[in-house]
2 protein chains.
Amino acid sequence: MQIQTRMADPLPAAGAYQRRPGFTPAGPGKRQDPLDILEQFGTKLTIRRGQELYAAGEVAVYCYRILRGAVRTVGLNEDGRRQIAEFLLAGDLLGFDSLGTHHLSAEALTEVLILRYPRRLVDSLAEQHGSLALRLRDLSLQKLRRAHETMFLLGRKSAGERIATFLLDLAERSPGRTSGSVELPMTRGDIADHLGLTIETVSRTIAQLGRDGTIAVIKCGIEIRDREALTAHGGGTLH
Amino acid sequence: MQIQTRMADPLPAAGAYQRRPGFTPAGPGKRQDPLDILEQFGTKLTIRRGQELYAAGEVAVYCYRILRGAVRTVGLNEDGRRQIAEFLLAGDLLGFDSLGTHHLSAEALTEVLILRYPRRLVDSLAEQHGSLALRLRDLSLQKLRRAHETMFLLGRKSAGERIATFLLDLAERSPGRTSGSVELPMTRGDIADHLGLTIETVSRTIAQLGRDGTIAVIKCGIEIRDREALTAHGGGTLH
DNA sequence: CGTTCCTTTGAATCTTCTCAATAATGGTGG
DNA sequence: CCACCATTATTGAGAAGATTCAAAGGAACG
């Protein structure tokens, strides 16, 4: 396969690329993000709600970028206990964090529109484009940083703090973030398995925030009414 | 600076490099691990117990390999709550997982002998040696995988399971692992802040395992008496 | 040899879980 | 369009696990 090479690929400063809410792929003329190099090689796919993108233990043949919808990455142990590592939204990348086999599975929370890239192609492109390689490394490290933040949440925060942190984080990452309304495409059970709580505690804690007037529980999501109060509830972040 | 280049750098299969207990740097003749490329460029340093290798928020100028001793990576929030992300032992690498600034701090648990590498040098070496770049990526992904395992532990395991898992993991990673004796260079408080428990719960749980005959509490560590039982207590791993 | 830090152990408290019942929601087919 | 079913969410009461508070013993250090 012939792959377009490009000299003088600009090396961006670390951390220069934040998530892009309301992700829209750039045209071929302007390239703000090395990830756009991948764009033309992706296959557009639609995954039905509940379907697996990949399973834990599978060889990592593809990686993905979410264009629309939401995905969960799931770890299961023998006796059925579940930990959801991440919820991924439009614009997020997926499956880049496995060298050999996937160690978590990825499941569609809603109908999902994705771009699929063969891993081998991504690797060879990264070898040619230093900026892409760096960008992918940056992404891995961002995931690690997020994982550390989650570890702090799971190890040291109360149920109320976990819910508040979760809602604020999701609000910040949500693609169409305009007002304070946050869509929750996942079930209470999913939230519980992400935050290390039970369904009942999640439900009760959200209900309590609603009674306080901090949030309002709406259809398929919540609305942040008092961001200050919610932040105060959050228990802070690492450093 | 002149840097030795080497063609025909063999590309190892993913996951081919496990941790090397009782780490001994290879001579210049045989090279089993791409990380040995770094070896000659490292500065040997001794860090006193309790000293910081680096602080959260600092620009990541150096990265390290531990030759002797143990290190903790620490996250702190505003109100003093602490989460220890990892305990690192001889042979482990440190500080490679920060692109711009360190987001955790690293502190010596014991007197520590380390090799220190300037990050810029590591990056330029990685650019020349594909195998080193791949190895470093593999290491980042291993850290992420371990973080996911810890997230499962923090979110879904009981105190007893956390302690059992922790002891087994440490036993497996300990450099001089011969018999069942595991050195614990960290305090109960450190263990608590790693496992999301309190000092008292850690102490009680370890004492209970001692009364069961599963382990024996010895000076500066424990001894595994019944590995089967300890594994059964562990609550399993992801997948 | 005293001080400080770390560890252990006990008792009471509290947060979260478990069990249980009910209500709401969403999708399906008649 | 509505009735039915399965899934999801809410809420209450009691139980359990872990925390907090408190005190005392042990180890490490200068």
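Protein chains get the first letters and strands the later ones, always in sequence-line order, with residue 1 at the start of each.
The NZ-C1' distance, from B:K157 to D:dA18, rounds to 18 Å in whole Å. Nucleotide C:dC6 holds its P atom 9 Å from the CG atom of B:D190, rounded to whole Å. Summarising the geometry, the separation between CD on A:E161 and C1' on C:dT16 is reported as 14 Å, rounded to the nearest angstrom. Spacing between atom CD1 of A:I199 and atom C1' of C:dT16 amounts to 14 Å, rounded to whole angstrom units. Rounding to whole angstrom units, CG of residue A:L109 and C1' of C:dG26 are separated by 17 Å. Atom pair B:Q208:CD and D:dA18:P shows a separation of 12 Å (rounding to whole Å applied). Here C:dT8 presents its P atom at 12 Å from CG of B:L209, a figure rounded to the nearest Å. Between A:I218 atom CD1 and C:dA24 atom C1' there is a gap of 17 Å when expressed in whole angstrom units.
A cation-pi arrangement is absent between B:R116 and B:Y64, since the terminal nitrogen or guanidinium carbon is not both under 6.0 Å from the aromatic centre and inside a 45° cone about the axis.
Distances were taken from every side-chain heavy atom of A:R188 (C-beta onward) to each of D:dT19, C:dT8, D:dA9; the shortest belongs to D:dA9. For A:C220, the listed nucleotide lying nearest its side chain is C:dG26; candidates were C:dG26, D:dA18, D:dT20. Considering only side-chain atoms of A:S203, the nucleotide from C:dC6, D:dT19, D:dT11 that sits closest is D:dT11. Out of D:dT20, C:dC17, C:dT8, the shortest distance to the side chain of A:T198 is found at C:dC17. Closest to the side chain of B:E200, out of D:dA22, C:dG26, D:dT11, is D:dA22. Closest approach to the A:S158 side chain among D:dA18, D:dC21, C:dT16 is made by C:dT16 (side chain taken as heavy atoms from C-beta onward).
Backbone-only engagement by B:G196 is indicated by non-hydrogen atom pairs under 4.0 Å involving sugar-phosphate atoms exclusively.
Ranked by how close their nearest DNA chain C nucleotide is to the 5' end, B:R49 and B:R156 are led by B:R49.
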Run the side-chain donor-acceptor check on residues 44-51 of chain A: report pairs under 3.5 Å with partners two or more places apart or on a different chain.
none

**Request:** Tell me, with the steps shown, if B:E161 and A:R81 meet salt bridge (Lys or Arg N to Asp or Glu O under 4.0 Å).
**Result:** CA-CA 13 Å; B:E161 291 172 334; A:R81 280 180 278 184; 2.8 Å; yes
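Contact of the B:E39 side chain with the B:D36 side chain is registered, since non-hydrogen atoms from C-beta on lie closer than 4.5 Å.
Not a single donor-acceptor pair, N or O on each side, falls under 3.5 Å between the base of C:dT8 and the side chain of B:R211. A donor-acceptor contact under 3.5 angstrom links the side-chain atoms of A:R204 to the base of C:dT18.
The side chain of A:T187 contributes no N or O atom lying less than 4.0 Å from OP1 or OP2 of D:dT8. Under 4.0 angstrom from either OP1 or OP2 of D:dA28 there lies at least one side-chain N or O belonging to B:K219.
By the side chain to side chain donor-acceptor pair (under 3.5 Å) test, B:R146 pairs with B:D169, sequence neighbours left out.
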